[in-house]
Amino acid sequence: MESLLLGLAVLACPVGMGVMMWLMGRGRRQTLGPRSGNEQQIALLRAEIDQLKAERANDRARSEY
């Protein structure tokens, strides 16, 4: 009986750690969806910044002539 309890005590830590890692990994997969939307929004904002920079460069070129 003592050896059974000792065996359970020894296995409790690695099994608990495995369960925690599984739960954390599962939570991470669920949060990946919104990130793709954020990345898309970042790409749109960067494109808008590039467009504004090009407009500013055109305005400067016109004012020099």
Practice task
Please name all residues satisfying side-chain contact (heavy atoms from CB on, under 4.5 Å) with Q51, sequence neighbours left out, ordered by chain then number.
Solution key: E55

Practice task
Please write out which residues are connected to M21 in a hydrophobic cluster, directly or through intermediates, given that two of Ile, Leu, Val, Met, Phe, Trp, Tyr count as joined at side-chain heavy-atom separations below 4.5 angstrom.
Solution key: M17, M20

Practice task
Please go through I49's hydrophobic cluster and name the other residues, only I, L, V, M, F, W, Y counting, with side-chain heavy atoms under 4.5 Å joining them.
Solution key: none

Handout entry: Separation between CG of D50 and CG of L45, rounded to the nearest 0.5 Å
Key = 11.0 Å

